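Here's the structure we're looking at; comments come further down.
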There are 2 protein chains.
Amino acid sequence: MAPLTSGKTRPIRLADIAKAAGVSHGTASNVFARPEIVREEVRERVKAAAEAMGYGGPDPKGRLLRAGKVNAIGVATAEPLSYFFDDPFARVMMASISQACDATGAGISLVSAANKEQLAWNIQSALVDGFIVFCVDGGSKLVELARDRKLPFVALDLDSDDDEAVAAIGVDNIAGAGLAARHLTELGHRRFAVLALPCADAGFGPTTREQMEKALYSGTRDRLRGYFAELSRVDIDVSHVPIYETVNDEESVWAGLDHIFAGAETPTAILAMSDRIALHALDWLRQRDITVPGDVSIVGFDGVPEGAVSKPPLTTIVQPIAEMGRLAVKAILENDGSPTSRQLLPVELLVRASSGPSPA
Amino acid sequence: MAPLTSGKTRPIRLADIAKAAGVSHGTASNVFARPEIVREEVRERVKAAAEAMGYGGPDPKGRLLRAGKVNAIGVATAEPLSYFFDDPFARVMMASISQACDATGAGISLVSAANKEQLAWNIQSALVDGFIVFCVDGGSKLVELARDRKLPFVALDLDSDDDEAVAAIGVDNIAGAGLAARHLTELGHRRFAVLALPCADAGFGPTTREQMEKALYSGTRDRLRGYFAELSRVDIDVSHVPIYETVNDEESVWAGLDHIFAGAETPTAILAMSDRIALHALDWLRQRDITVPGDVSIVGFDGVPEGAVSKPPLTTIVQPIAEMGRLAVKAILENDGSPTSRQLLPVELLVRASSGPSPA
DNA sequence: GCCAAAATTTGAACCGATCCAACGAAAGTG
DNA sequence: CACTTTCGTTGGATCGGTTCAAATTTTGGC
């Protein structure tokens with residue numbers, strides 16, 4: 001039997017419906033976009049034709065071109081896509097971004113990729129009205145790509161001394177780190193160790209202050225500066241404070257602690273550059289029956305919800321994550337060509353149970 | 001001073017660049033899409049013109065229309081957008097969906113909305129190649145909307161007796177619930193209570209088996225059937241088992257437990273239709289110094305990671321969430337007009353510490 | 001029954017690119 | 001030198017809609 005229709009049926013277009021219903025395509029368009037201006041009889045006829053031909057409604061691809069606005073904002077990161085759902089900080093941030101989007105009816109497109117070239121292409125071809133860029137890692141490159149799209153965009157947590165011409169929302173990392181360090185020195189601690197975030201794409205391992213000063217990611221650099229400025233202020237010799245660069249995961253944090261606690265003079269206070277690091281550290285310490293805050297105190301950074309239910313609950317520097325998300329969305333959606341700006345939000349010290357007086 | 005340029009500058013188009021560089025728009029297009037076929041001198045000239053005019057590269061809106069494929073899949077739910085980042089089940093599912101997308105280079109668009117009309121519009125105008133629909137709540141309506149787009153789509157956890165013609169990936173809720181109930185009866189429990197998922201948009205409160213049989217969402221209905229079939233099998237009078245319908249949040253779960261434990265004959269075993277419910281229940285019980293599993297045992301449903309670290313770790317029915325996500329993405333991306341199908345995946349009982357012998 | 005006003009409908013223009021058949025020029029061949 | 005290739009470029013067609021000024025039909029008033 002010969003097939004009655006060709007195997008590949010071209011999708012039905014609005015024009016097909018119009019022809020079938022015997023109206024112009026202009027009228028057919030109106031039936032879907034502004035039904036009230038079409039005479040009822042015609043409207044029904046067109047709708048019937050659409051139904052009969054299995055037409056799925058006007059294709060947004062077509063509308064988009066004319067309308068110009070996509071009504072969606074892109075959220076980009078150099079991490080794999082699952083970062084948005086795995087990482088505690090990202091999740092809280094995304095939840096607040098999505099609330100702000102919901103409120104205005106905008107959609108969210110997640111933009112990321114397994115490798116760099118793919119990422120570039122994905123950013124170049126993302127159908128969005130603007131970008132929110134997560135700068136945790138590989139920030140500068142990402143910002144560059146986003147800027148090249150010439151769309152409104154705002155960087156979250158961008159390195160503070162990067163190009164001043166990009167809109168960015170971040171927190172005062174130096175002040176926050178200072179708060180954390182001061183809290184511990186006030187509790188009498190003198191022997192510190194720092195568990196750092198990545199400062200480049202280089203992997204993990206012990207590092208030095210000098211290395212960190214060259215860090216590609218200045219969020220990391222600024223936090224270290226904040227820590228050390230405060231420690232120096234109370235005459236602690238920061239050149240002897242071990243710094244271990246992690247990649248924010250369990251493996252590298254545990255390796256860092258192995259390293260730090262292998263030394264003769266173990267710290268009584270740990271400064272962790274993220275709550276995630278601090279939480280992994282808590283697990284490590286518990287496994288070795290090192291009590292917190294009895295033997296060692298630890299202070300995180302971020303203020304993610306998990307810190308409230310950890311054992312013990314985590315003392316940390318809380319970032320106004322929800323506020324940052326809200327501001328970011330606002331910046332994109334209300335972008336009226338206003339001058340790009342850089343907002344530094346304040347952070348707060350939240351004292352919970354992971355920090356206490358120095359045992360010494 | 002009169003402005004030198006009009007306030008509103010039309011965005012630069014590829015055609016503008018072509019004109020400026022003195023080439024045809026076809027050649028200009030090639031410079032960006034297939035640079036290797038353009039003579040170097042021309043290529044540089046066009047690129048220079050683009051740079052000079054601040055052109056951000058070919059607008060994907062235009063390309064899209066011609067190319068047809070968006071290279072993104074939409075994930076839709078009737079919950080607010082933040083559901084994707086708040087709900088443990090959704091998060092695990094999204095993580096696996098995003099891994100599958102990453103692997104193929106596809107993007108993800110989150111589709112949702114505050115209200116129903118907005119949701120309909122968002123689905124109709126989403127720029128995606130297909131939909132994965134989360135059917136937790138308001139599933140049928142969502143499936144209908146998605147189907148009307150005439151795009152490939154697959155429903156996750158769709159009500160089992162809904163339209164057979166839609167592709168769906170789900171688990172065997174009846175068998176899973178049976179497993180949970182049997183586990184508890186084998187431990188000697190005879191006095192049960194059920195903490196149910198929503199069965200309609202009706203809010204929360206105590207309900208009956210008859211009400212549940214009419215449930216709009218048959219995931220809920222099937223789990224109840226599974227529980228009761230197993231309980232009946234060992235001669236437990238299910239008409240006396242209290243059922244409390246929650247909305248999967250702390251408030252409604254706690255209200256449910258208040259209600260259930262207000263009765264004279266309190267249960268020794270709780271069947272929770274989701275891990276989230278079970279986790280909230282654990283909190284409630286701990287606050288009242290009711291020990292688990294000493295005084296009461298509880299079994300959840302889903303197998304989210306949080307269940308592994310709760311106090312005590314949660315016995316639950318684990319769904320192959322990662323596998324479901326992978327299959328869903330595959331179904332969308334490989335959609336070749338193959339017959340829509342319905343896949344029921346198996347579940348497993350995972351015994352942890354929240355269930356133990358009946359105290360009686 | 002005639003005319004202006006109101007209500008509908010039409011069809012061309014446009015949105016911003018990609019694709020491709022056709023063409024011109026330069027290079028190679030006999 | 002005529003003749004085929006090869007390479008690069010051109011410009012029109014197309015993707016699937018929306019929009020709007022102009023044309024047409026209806027309605028209403030007298």
Side-chain angles (χ1 to χ4, degrees), chain A residues 8-46 49-50 53-71 121 124-129 149-151, chain B residues 8-46 49-50 53-71 121 124-129 149-151:
Chain A
K8 218 173 183 63
T9 52
R10 222 201 346 74
I12 299 103
R13 300 191 319 285
L14 184 54
D16 302 326
I17 305 299
K19 179 144 19 122
V23 298
S24 73
H25 54 263
T27 297
S29 174
N30 284 333
V31 168
F32 292 96
R34 285 125 71 203
E36 69 281 2
I37 73 163
V38 176
R39 191 154 45 94
E40 173 159 5
E41 184 232 314
V42 176
R43 197 194 318 151
E44 292 310 323
R45 185 149 43 92
V46 173
M53 303 178 70
Y55 181 61
D59 187 332
K61 292 202 280 290
R63 181 195 359 257
L64 175 59
L65 193 49
R66 181 125 258 270
K69 283 199 83 67
V70 183
N71 200 32
W121 171 253
Q124 279 159 17
S125 63
L127 291 156
V128 297
D129 297 320
R149 270 298 293 276
K150 317 273 177 186
L151 287 176
Chain B
K8 218 174 182 62
T9 53
R10 221 201 348 73
I12 298 101
R13 300 190 319 286
L14 185 53
D16 301 327
I17 305 298
K19 178 139 26 116
V23 298
S24 73
H25 60 268
T27 298
S29 173
N30 285 334
V31 168
F32 292 97
R34 283 126 69 204
E36 70 281 3
I37 73 164
V38 176
R39 192 154 43 94
E40 174 160 2
E41 183 231 315
V42 176
R43 197 193 319 149
E44 293 310 323
R45 184 148 42 92
V46 173
M53 303 178 70
Y55 180 61
D59 187 332
K61 292 202 280 289
R63 172 177 27 239
L64 174 60
L65 190 50
R66 184 121 255 274
K69 283 199 82 67
V70 183
N71 200 32
W121 172 252
Q124 279 159 19
S125 63
L127 290 156
V128 297
D129 297 320
R149 270 298 293 276
K150 316 272 176 187
L151 287 176

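All values reported here derive from a predicted model rather than from experimental measurement. Order of the sequence lines fixes the chain letters, A, B, ..., with proteins taken first and strands second; residue numbering starts at 1 for each chain.
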Below the 4.0 Å mark, does [N] have OP1 or OP2 next to a side-chain nitrogen or oxygen of [X]?
{"X": "B/Arg66", "N": "C/dC19", "answer": "no"}
{"X": "A/Tyr55", "N": "D/dG17", "answer": "yes"}
{"X": "A/Ser29", "N": "D/dT18", "answer": "yes"}
{"X": "A/Arg39", "N": "C/dA7", "answer": "no"}
{"X": "A/Thr27", "N": "C/dT9", "answer": "no"}

In Å, rounded to the nearest 0.5 Å, how long is the span from [atom1] of [X] to [atom2] of [Y]?
{"X": "B/Asp59", "Y": "B/Ile12", "atom1": "CG", "atom2": "CD1", "result": "11.5 Å"}
{"X": "A/Arg13", "Y": "A/Met53", "atom1": "CZ", "atom2": "CE", "result": "9.5 Å"}
{"X": "A/Arg63", "Y": "A/Arg66", "atom1": "CZ", "atom2": "CZ", "result": "13.0 Å"}

Relative to the 5' end of DNA chain C, which residue comes earlier, A/Gly26 or B/Ala15, by the nucleotide with the nearest heavy atom?
A/Gly26

Which residue, B/Arg34 or B/Lys61, contacts DNA chain C at a nucleotide closer to its 5' end, judged by nearest heavy atom?
B/Lys61

Expressed in angstrom and rounded to an integer, what is the separation of [X] atom [atom1] from [N] atom [atom2]?
{"X": "A/Lys19", "N": "C/dG11", "atom1": "NZ", "atom2": "C1'", "answer": "15 Å"}
{"X": "B/Arg63", "N": "D/dG17", "atom1": "CZ", "atom2": "P", "answer": "20 Å"}
{"X": "B/Arg13", "N": "C/dC14", "atom1": "CZ", "atom2": "P", "answer": "10 Å"}
{"X": "A/Arg43", "N": "C/dT9", "atom1": "CZ", "atom2": "C1'", "answer": "14 Å"}
{"X": "B/Ile12", "N": "C/dG16", "atom1": "CD1", "atom2": "P", "answer": "11 Å"}
{"X": "A/Ile37", "N": "C/dT9", "atom1": "CD1", "atom2": "C1'", "answer": "9 Å"}
{"X": "A/Ile17", "N": "D/dG17", "atom1": "CD1", "atom2": "P", "answer": "9 Å"}
{"X": "B/Leu14", "N": "D/dG12", "atom1": "CG", "atom2": "C1'", "answer": "16 Å"}

Side chain of B/Ser24 only, heavy atoms from C-beta on: which candidate in D/dG11, D/dG17, C/dT18 is closest?
D/dG11

Is there side-chain contact between B/Arg45 and B/Val23, with at least one heavy-atom pair below 4.5 Å?
yes

With a 4.5 Å heavy-atom cut-off, do B/Val70 and B/Asp129 have their side chains touching?
yes

Of all heavy-atom pairs linking B/Ala126 and A/Pro60, the shortest is O-CG, 3.8 Å

Ignoring hydrogens and geometry, is there a side-chain-to-backbone donor-acceptor pair from A/Arg149 to A/Gln124 under 3.5 Å?
yes

May I ask you to say what B/Phe32 touches in the nucleic acid, namely base, sugar-phosphate or nothing, with a heavy-atom cut-off under 4.0 Å?
nothing

When the axes are fitted on five pairs at both termini, how much does the helix from C/dG1-D/dC30 to C/dG30-D/dC1 curve, in 10° steps?
40°

